[in-house]
Asker: 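One structure, pasted below without further comment.
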Amino acid sequence: MRITVGLSCPDTVIPSARDLGHRFVHPFSPTSQLLVATSVQDRAYRSAISLGIPVVCPEAIEGEITEDTIKRHRLSIFAGLRLAFSGFHAAERNRLENFIRENGGSITQMSEASHIVLDPAGIVSHVKRDQKVVKPEWIRECEDLGWCANEKSFLIHPKLKRRSAMR
């Protein structure tokens, strides 16, 4: 099996897996049959998903790789993501937070979030350059697909005030 190890994995993954006889392809390519990653933000994640290549966590390559191993060690939908919410009613927020946690993500403060999920009633005052502000439909899409959907279609672009040019 041709395996690619994503950049999100620790350096120790390849040597220990080679000792078990696994073969690696670098960098990720359509000939890869499996991607090993620890985060859905891994550079190769979107490519693997779009090509139908399974994405697993490092524990999957600690022995023989079978269909069952791939199913058991499939990378969680929100692995490596830190989410914050704004504008949700308590019941809906609790449901979404539980779903995120059950699927590998963590809930954090706005300032530390990789993704801010913004309900139409929500407010976000400061957004860092590396944070993504998304509509709640993104989570529903992830839930329906069973993997982390591309957030580009669900981004909310905060309107920035521009300074007038000096005359």
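For the numbers below, each heavy atom of this structure counts, side chains included, while hydrogens, waters and symmetry mates do not.
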Asker: When Leu75 is tested against each of Val36, Val40, Ile49 for side-chain contact (heavy atoms from CB on, under 4.5 Å), which residue passes?
Answerer: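 Of all the options given, the one that passes is Val40.
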Asker: State, with a plain yes or no, whether a side-chain heavy atom of Ile3 is found less than 4.5 Å away from one of Gln33.
Answerer: no
Asker: Could you see if Leu81 belongs to whatever hydrophobic cluster contains Leu118? Use Ile, Leu, Val, Met, Phe, Trp, Tyr and a side-chain cutoff under 4.5 Å.
Answerer: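 Hydrophobic grouping puts Leu81 apart from Leu118.
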Asker: Just checking, is any N or O donor in the side chain of Thr66 or Thr69 under 3.5 Å from an acceptor N or O on the other one?
Answerer: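 Indeed, the side chains of Thr66 and Thr69 share at least one donor-acceptor pair under 3.5 Å.
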Asker: Less than 4.5 Å apart, side chain to side chain, heavy atoms only: is that true for Ile100 and Phe85?
Answerer: yes
Asker: Can you find a pair of side-chain heavy atoms, one from Trp147 and one from Asn103, that are under 4.5 Å apart?
Answerer: no
Asker: Is any side-chain heavy atom of Ile61 less than 4.5 Å from a side-chain heavy atom of Val13?
Answerer: yes
Asker: Taking C-beta and beyond as the side chain, do Cys148 and Trp138 meet within less than 4.5 Å on heavy atoms?
Answerer: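 The answer is yes, as the side chains (C-beta and beyond) meet within the 4.5 Å cut-off.
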Asker: Over all heavy atoms of both residues, which pair between Ile70 and Pro54 is shortest? Give the atoms and the distance, please.
Answerer: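 Closest pair (atom of Ile70, atom of Pro54, distance): CG2-CB, 3.7 Å.
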Asker: Has the side chain of Glu137 got a donor or acceptor atom that lies under 3.5 Å from a matching backbone atom of Phe154?
Answerer: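 No, Glu137 side chain to Phe154 backbone: no donor-acceptor pair under 3.5 Å.
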Asker: Using a distance-only test with no angle check, is there a side-chain donor-acceptor pair under 3.5 angstrom linking Thr108 and Ser106?
Answerer: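 Thr108 vs Ser106: no donor-acceptor pair found between side chains.
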Asker: Should we count CZ of Arg2 as having more than 12 external heavy atoms under 6.0 Å?
Answerer: yes
Asker: Using 4.0 Å as the upper bound for N to carboxylate O, is an ion pair formed by Glu67 and Arg72?
Answerer: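 Here Arg72 does not pair with Glu67 in a salt bridge, since their nearest N and O are not under 4.0 Å apart.
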Asker: I'd like to know if the side chain of Ser29 and the backbone of Thr31 have a donor-acceptor N/O pair within less than 3.5 Å.
Answerer: yes
Asker: Taking side chain as C-beta onward, heavy atoms only, is Cys57 less than 4.5 Å from Thr38?
Answerer: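 Side chain of Cys57 against side chain of Thr38, heavy atoms only: no contact under 4.5 Å found.
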Asker: Between the side chains of Glu151 and His115, does any donor sit under 3.5 Å from an acceptor?
Answerer: yes
Asker: Do Glu97 and Arg93 sit within salt-bridge range, that is, some charged N less than 4.0 Å from a carboxylate O?
Answerer: yes
Asker: Can you tell me if CG on Asp11 sees more than 12 non-hydrogen neighbours from other groups inside 6.0 Å?
Answerer: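 Check fails, neighbour count at 12 or below.
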Asker: Are any of the side-chain nitrogens in Glu143 or Arg140 under 4.0 Å away from the carboxylate oxygens of its partner?
Answerer: no
Asker: Check the surroundings of atom NE2 in His26: do more than 12 heavy atoms from other residues, nucleotides or ligands lie under 6.0 Å from it?
Answerer: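 Yes, enclosed.
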Asker: So, Ser8 and Ser39: side-chain donor and acceptor under 3.5 Å apart, yes or no?
Answerer: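 Absent: no donor and acceptor within the cut-off.
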Asker: With a 4.5 Å cut-off on side-chain heavy atoms, are Ile116 and Leu83 touching?
Answerer: no
Asker: Could you tell me whether the side chain of Lys132 reaches within less than 4.5 Å of the side chain of Leu155, counting heavy atoms only?
Answerer: yes
Asker: Using the rule that Ile, Leu, Val, Met, Phe, Trp and Tyr join whenever any side-chain heavy atoms are under 4.5 Å apart, tell me whether Phe88 and Val134 fall into a single cluster.
Answerer: yes
